[in-house]
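In what follows, a single structure is set out as structure tokens and then discussed.
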Protein chains: 2
Amino acid sequence: MSPPSDKPEDPLAAAFFRPVRAGNAFEETVERMLQAIRLGVAAPGTRLPAERDLAVRLGISRVTLREALRALQEAGFVESRRGRYGGTFVRAAPDPPPPPQPAADLAAELADVLTLRAVLEPGAAEQAAARALPPRARRHLRASLDDCATAAPADYRRRDSRLHLAIAEATGAASVTAAVADARTRLNALLDAIPLLPPNIDHSDHQHTAVITAILDGDPPAARAAMTEHLAGTAALLRGFLS
Amino acid sequence: MSPPSDKPEDPLAAAFFRPVRAGNAFEETVERMLQAIRLGVAAPGTRLPAERDLAVRLGISRVTLREALRALQEAGFVESRRGRYGGTFVRAAPDPPPPPQPAADLAAELADVLTLRAVLEPGAAEQAAARALPPRARRHLRASLDDCATAAPADYRRRDSRLHLAIAEATGAASVTAAVADARTRLNALLDAIPLLPPNIDHSDHQHTAVITAILDGDPPAARAAMTEHLAGTAALLRGFLS
DNA sequence: GCGAAATGGACCGCCCTCGAGCCATTGGGG
DNA sequence: CCCCAATGGCTCGAGGGCGGTCCATTTCGC
């Protein structure tokens with residue numbers, strides 16, 4: 001009998017035989033909390049949910065959650081206080097060490113995340129525009145746009161992230177929000193390696209306005225088109241700096 | 001001091017404070033392998049990678065992988081043979097028990113997965129059409145389309161899934177393929193609850209042809225439009241049967 | 001016929017994670 | 001003033017998952 005050939009290796013199989021879990025529970029928890037803090041979902045000064053509550057939400061034991069929180073505390077991201085009305089609070093971020101890119105297969109990561117984003121975000125903008133948004137969501141979109149436009153350069157990326165997440169959230173589908181959040185986290189890791197230029201900010205703000213306006217006007221094609229154009233700018237910028 | 005209000009509960013936070021892991025390694029592995037078998041990525045008769053290799057790819061220990069494979073074997077999905085050129089082989093699927101929907105928050109799940117799909121798949125089709133596809137990918141798309149068009153009703157959904165995955169794969173971005181695969185798995189769980197009607201199959205085949213033609217012609221807007229129309233049909237069908 | 005190679009099968013000791021319970025601290029309300 | 005409620009801090013025993021190692025089986029090539 002000749003050896004059963006799995007030589008050609010269906011590339012599709014790679015998508016299924018990929019790692020089942022990203023790491024141990026501790027690491028994944030730290031990563032998730034860091035993501036929430038860096039993307040500005042948990043703003044400085046905010047109190048995180050109580051440990052007993054948060055552990056249940058994250059689907060981990062309180063022991064493991066506490067280990068993660070202790071690591072974040074030692075890194076200066078959060079601060080804990082005991083007693084009634086105590087809790088774990090987000091500190092004004094130190095965020096000093098943007099870890100240098102491993103640069104191993106940076107080109108592949110760049111292409112992958114840009115494609116993923118090009119798939120997700122225009123679709124999210126379109127779906128958001130196609131819904132009858134409740135007043136609360138409309139206000140949230142407007143507020144996020146405003147926050148972004150008035151941000152100091154140091155705050156820009158955090159608020160930019162929040163705006164994009166607000167759009168994803170406006171689709172009403174939690175899994176869309178989760179997917180956009182993951183893509184955004186990967187993108188931010190790449191963005192940390194390149195400078196933030198005022199002309200780009202100005203350009204982005206105009207495009208943000210176009211996207212939000214189209215969503216609030218209930219014009220899906222326009223929302224999609226505006227978002228696609230917006231992403232093209234960032235993509236070109238990243239490719240220019242990292243290729 | 002008044003209690004720090006986390007009453008309003010930023011809905012965005014829910015996307016970040018969601019469970020870190022879906023279950024234990026054993027369960028997740030069984031689920032992943034079942035996904036590969038049900039979606040036809042691992043076809044009947046195929047040999048799976050050797051345990052030592054597969055365990056590394058899935059990022060789990062061989063012990064845990066073997067427990068998962070043993071469960072699949074007892075359920076009749078795979079069969080193992082020892083010795084050189086032995087291995088674990090996919091059996092012609094029994095697939096008898098489509099577990100009845102929990103139906104708990106079925107409406108929410110339905111809305112979520114349909115929105116996710118509406119975001120992902122038209123975007124994937126558009127991105128695939130925008131690329132210069134290598135000959136191998138073009139052949140794969142044509143073959144998948146043909147497989148789907150000539151499928152017996154019993155095989156239709158498996159081949160349909162493979163076609164959609166082939167489109168995602170054509171974007172060249174592994175994370176897009178992974179996201180589409182996950183959405184498809186959730187969708188299939190819902191589709192199992194409704195009948196497969198010949199007119200729908202015929203309708204789907206025409207739409208599939210339109211999507212693939214647009215992709216091979218390098219016409220992104222047409223690919224997106226054709227896929228959007230295709231998804232609308234399935235979405236309407238599901239909403240009709242499950243609402 | 002026989003050894004080498006590749007595979008599934010089985011076991012052991014270590015560490016991570018969990019669930020549960022209890023302690024320590026703080027501020028508000030009676 | 002004292003007790004209660006809500007929070008973080010801590011510990012213990014049980015079970016799961018891991019890395020490593022060796023065994024059993026089968027087939028190819030010499």
Side-chain angles (χ1 to χ4, degrees), chain A residues 1-7 9 17 19-33 42 45-74 77-91, chain B residues 1-7 9 17 19-33 42 45-74 77-91:
Chain A
M1 188 191 294
S2 73
S5 77
D6 18 39
K7 292 292 172 55
E9 182 52 76
F17 299 152
V20 159
R21 29 187 54 182
N24 57 35
F26 165 75
E27 288 171 15
E28 284 185 73
T29 304
V30 171
E31 210 48 54
R32 182 71 70 75
M33 300 303 297
T46 305
R47 194 188 73 163
L48 297 177
E51 291 180 357
R52 291 168 176 79
D53 179 31
L54 189 52
V56 171
R57 293 218 229 170
L58 294 176
I60 57 175
S61 76
R62 206 182 141 213
V63 182
T64 305
L65 173 61
R66 297 197 76 254
E67 281 174 18
L69 290 177
R70 188 163 143 271
L72 292 174
Q73 188 171 27
E74 284 171 1
F77 289 100
V78 301
E79 191 177 17
S80 290
R81 288 201 291 274
R82 286 213 271 191
R84 186 164 187 177
Y85 303 142
T88 305
F89 297 81
V90 180
R91 290 184 34 168
Chain B
M1 187 193 294
S2 75
S5 76
D6 18 36
K7 294 293 173 56
E9 182 52 74
F17 298 153
V20 160
R21 29 187 57 180
N24 58 32
F26 165 76
E27 287 169 351
E28 284 185 71
T29 304
V30 171
E31 210 48 54
R32 182 70 70 76
M33 299 304 297
T46 306
R47 194 189 72 164
L48 296 177
E51 291 180 355
R52 291 168 175 81
D53 179 31
L54 190 51
V56 171
R57 293 217 228 169
L58 294 175
I60 58 175
S61 76
R62 207 181 139 213
V63 182
T64 304
L65 172 63
R66 298 197 77 252
E67 281 173 18
L69 289 178
R70 188 163 142 272
L72 292 174
Q73 188 171 25
E74 285 171 0
F77 289 99
V78 301
E79 190 177 16
S80 290
R81 289 199 293 275
R82 287 211 268 189
R84 188 168 184 176
Y85 302 143
T88 304
F89 297 82
V90 180
R91 291 182 35 166

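We name chains A, B, ... by the order of the sequence lines, and we start the count at 1 in each one. Everything quoted here is computed from the prediction, not taken from an experiment.
When the P atom of D:dT26 is taken as reference, atom CZ of B:Phe89 falls 13 Å away, rounded to whole Å. Atom CD in B:Glu51 sits about 16 Å away from atom P in D:dT25, given to the nearest Å. Distance, B:Leu54 CG to C:dG8 C1': 13 Å, rounded to whole Å. Between B:Arg62 atom CZ and D:dC18 atom C1' there is a gap of 13 Å when expressed in whole angstrom units. Across the protein-nucleic acid pair, A:Leu69 atom CG and D:dC10 atom P stand 13 Å apart, rounded to whole Å. For the pair B:Glu79 CD and C:dG9 P, the computed distance is 11 Å after rounding to whole Å.
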Please list, pair by pair, any protein nitrogen or oxygen found under 3.5 Å from a nitrogen or oxygen in nucleotides 4-6 of chain D.
| residue | atom | partner | partner atom | Å |
| --- | --- | --- | --- | --- |
| D:dA6 | N3 | A:Arg84 | N | 3.4 |

Atom pairs, N/O to N/O, protein against nucleotides 14-17 of chain D, distance under 3.5 Å?
| residue | atom | partner | partner atom | Å |
| --- | --- | --- | --- | --- |
| D:dG17 | OP1 | B:Ala25 | N | 3.1 |

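Every side-chain contact (heavy atoms from CB on, under 4.5 Å) that A:Glu67 has, sequence neighbours left out, goes to A:Phe26, A:Val63. When the side chain to side chain donor-acceptor pair (under 3.5 Å) test is applied to A:Arg21, the partners found at least two apart in sequence or on another chain are B:Glu28. Residues forming a side-chain contact (heavy atoms from CB on, under 4.5 Å) with B:Gln73 (at least two apart in sequence, or on another chain): B:Val78, B:Ser80. By the side chain to side chain donor-acceptor pair (under 3.5 Å) test, A:Thr29 is found to be paired with no residue, residues two or more places apart in sequence or in another chain being considered.
In terms of phosphate contacts, A:Thr88 brings a side-chain nitrogen or oxygen within less than 4.0 Å of OP1 or OP2 of D:dG8. The side chain of A:Arg66 contributes an N or O atom lying less than 4.0 Å from OP1 or OP2 of D:dG9.
Between A:Glu51 and the choices A:Arg70, A:Arg66, A:Arg82, the salt bridge (charged side-chain N to carboxylate O under 4.0 Å, His left out) rule is met once, by A:Arg66.
Using a 4.0 Å heavy-atom criterion, one finds that A:Arg81 contacts the sugar-phosphate atoms exclusively.
Under 3.5 Å, the side chain of B:Arg52 and the base of C:dG8 form at least one donor-acceptor pair of N or O atoms. Residue side chain A:Arg70 does not reach the base of D:dG8 through any donor-acceptor N/O pair under 3.5 Å, judged by distance alone.
In this structure, A:Arg81 is positioned above the aromatic face of A:Phe89, its NZ or CZ under 6.0 Å from the six-membered ring centre and within 45° of the axis.
Counting heavy atoms from C-beta on, the side chains of B:Met33 and A:Phe17 come closer than 4.5 Å. With contacts defined as side-chain heavy-atom distances shorter than 4.5 Å, the pair B:Arg57/A:Pro19 does not qualify. The side-chain heavy atoms of A:Glu79 and A:Thr88, taken from C-beta on, include no pair separated by under 4.5 Å.
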